[in-house]
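What follows is a short report on a single structure.
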Amino acid sequence: MKRHLFTPGPTPVPPQVLAALAEPIVHHRSPDYRPIFRNCLDRLTAVFRTAREPLMFTASGTGAMESAVANIARPGDRVVVVSAGNFGQRWVQIAQAFECDVDVIDYEWGEMPAAEDLAARLRELGGAKAVLVTHSETSTGVVADVRALAAAAAEAGAFSVVDAISSLGAVPLETDEWGIDVVVAGSQKALMTPPGLAFAATSHATDGGRARGYYFDWARNRKAQEKLDAAFTPAVSLVVALDVALGLLLEDGLEAAFDRHVRLGRACREGAKAMGLELFSPDDDSSAVVTAVKMPDGVEAGEVVLSLRDRFGITLAGGQGPIKGKIVRIGHIGWFDVFDIATALAGLELALSEAGAEIERGVAVSRALETYEHTAV
Ligand SMILES: *Cc1c(COP(=O)(O)O)cnc(C)c1O
């Protein structure tokens, strides 16, 4: 059966990138690797929209999140987390594991965080060492205004730390221009590469902290990276592949990628609504990364996900936490086109009608295609 991966991570990988993964292993301290590493770091720097080369780790995205807390915060330091879903909760758990004094602005899942709330909380608290936020909350489809959140953090003298794991390369993110101190990301979402690499763009202001832990010590990693070395054996095959993927992304340009994600989001929302489904994610262009769709009454999302996989080879994601069983999530991150959206919607339509849901048949795909075609960003 042909398989279709439409989850919000990991995401499909273009054939050129897959082909690069099959190349013979090169040694990381040799001229076979260093020019590729150099090129890849330059491309990564461009994608992060920063002047300072991001650090690269062999880890999943969560490793880069952990590195931020380990390098910035001492035990007992106050850290404010803006949380509105699963990945906000991950910040809370990491900061607690590092024995920070964690203060959480806890939104309902699916709510849009407001910078005014953060500013007010920081005033109440009299400041904080760092503010940890999520750009694209992949569990709900909400993309937060991290520019405004970072400004509120800066106003209070706190470092702003942004989890951009599912947003980098999908929606605009200006690390330097928006004054964000730390942006973390991973290879397996909009960067169109398999899981296994994580990145942290860090500002000069965050230098000089003493890292807790060894592997993720920013100073140690930066010292090595400055010599085109790595403190530890890098996942060389993934770096070779990432270089190809970033080349594809930058060849068309980031603006084209942002544009495409907005239009894919529109197509997916209009298609789902045409079927008679309700959206869980916001019904506007901010929601360009993941579309979360509520299941009709009496339909369990997990069963729909399983039936899509078994019957049609389509993998979507269910809900997490309090919305488990209630929504399915269609990722349109990275290497996606409108025909992927059409396939996801067509499969969903079939699976839902087999599950006995009363939905409008035969309209979702054409609505999605029309929407994609006829709406300029
Ligand atoms: C996928 C994701 C993560 C987790 O990344 P891993 O690579 O699985 O560690 C964290 N935050 C967000 C917003 C994500 O989408």
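Just so it is clear, the structure is predicted and the values come from calculations on it, not from any experiment. First listed ligand is number 1; within each ligand, the first listed atom is number 1.
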Below 4.0 angstrom from a heavy atom of Ser60, which ligand 1 atoms are there? Numbered from 1 as shown, please.
-> 6 (P), 7 (O), 9 (O)

At what distance, to the nearest 0.5 angstrom, does OG1 of Thr62 lie from CD1 of Ile165?
-> 5.5 Å

Which bit of Lys189 is near ligand 1, meaning a heavy atom under 4.0 Å away: side chain, backbone, both or neither?
-> side chain

May I ask you to list the atoms of ligand 1 that are less than 4.0 angstrom from any heavy atom of Ser136?
-> 13 (C)

Mark yes or no: Lys129 above the aromatic ring of Phe98, with NZ or CZ under 6.0 Å from the six-membered ring centre and no more than 45 degrees from the axis.
-> no

Ignoring hydrogens, just give me the one of Thr138, Thr11, Val290 whose non-hydrogen atom is nearest atom 15 (O) of ligand 1.
-> Thr138

Honestly, for His135 the part within reach of ligand 1 (heavy atoms, under 4.0 Å) is neither

Classify the side-chain pair Ser136/Ser166 by whether it contains a donor and acceptor separated by less than 3.5 Å.
-> yes

Taking N or O atoms only and a 3.5 Å limit, does Glu137 qualify as a polar contact for ligand 1?
-> no

Looking only at distances, please establish whether an N/O atom of ligand 1 is found under 3.5 Å from an N/O atom of Gly61.
-> yes

Under 4.0 Å from a heavy atom of Asp163: give me the atoms of ligand 1 that qualify, with their elements.
-> 10 (C), 11 (N), 12 (C), 13 (C)

All heavy atoms of Ile327 vs all of Ala292, minimum pair found to be CD1-CB, 3.9 Å

Any side-chain donor near an acceptor of the partner, Thr202 and Arg52, under 3.5 Å = yes

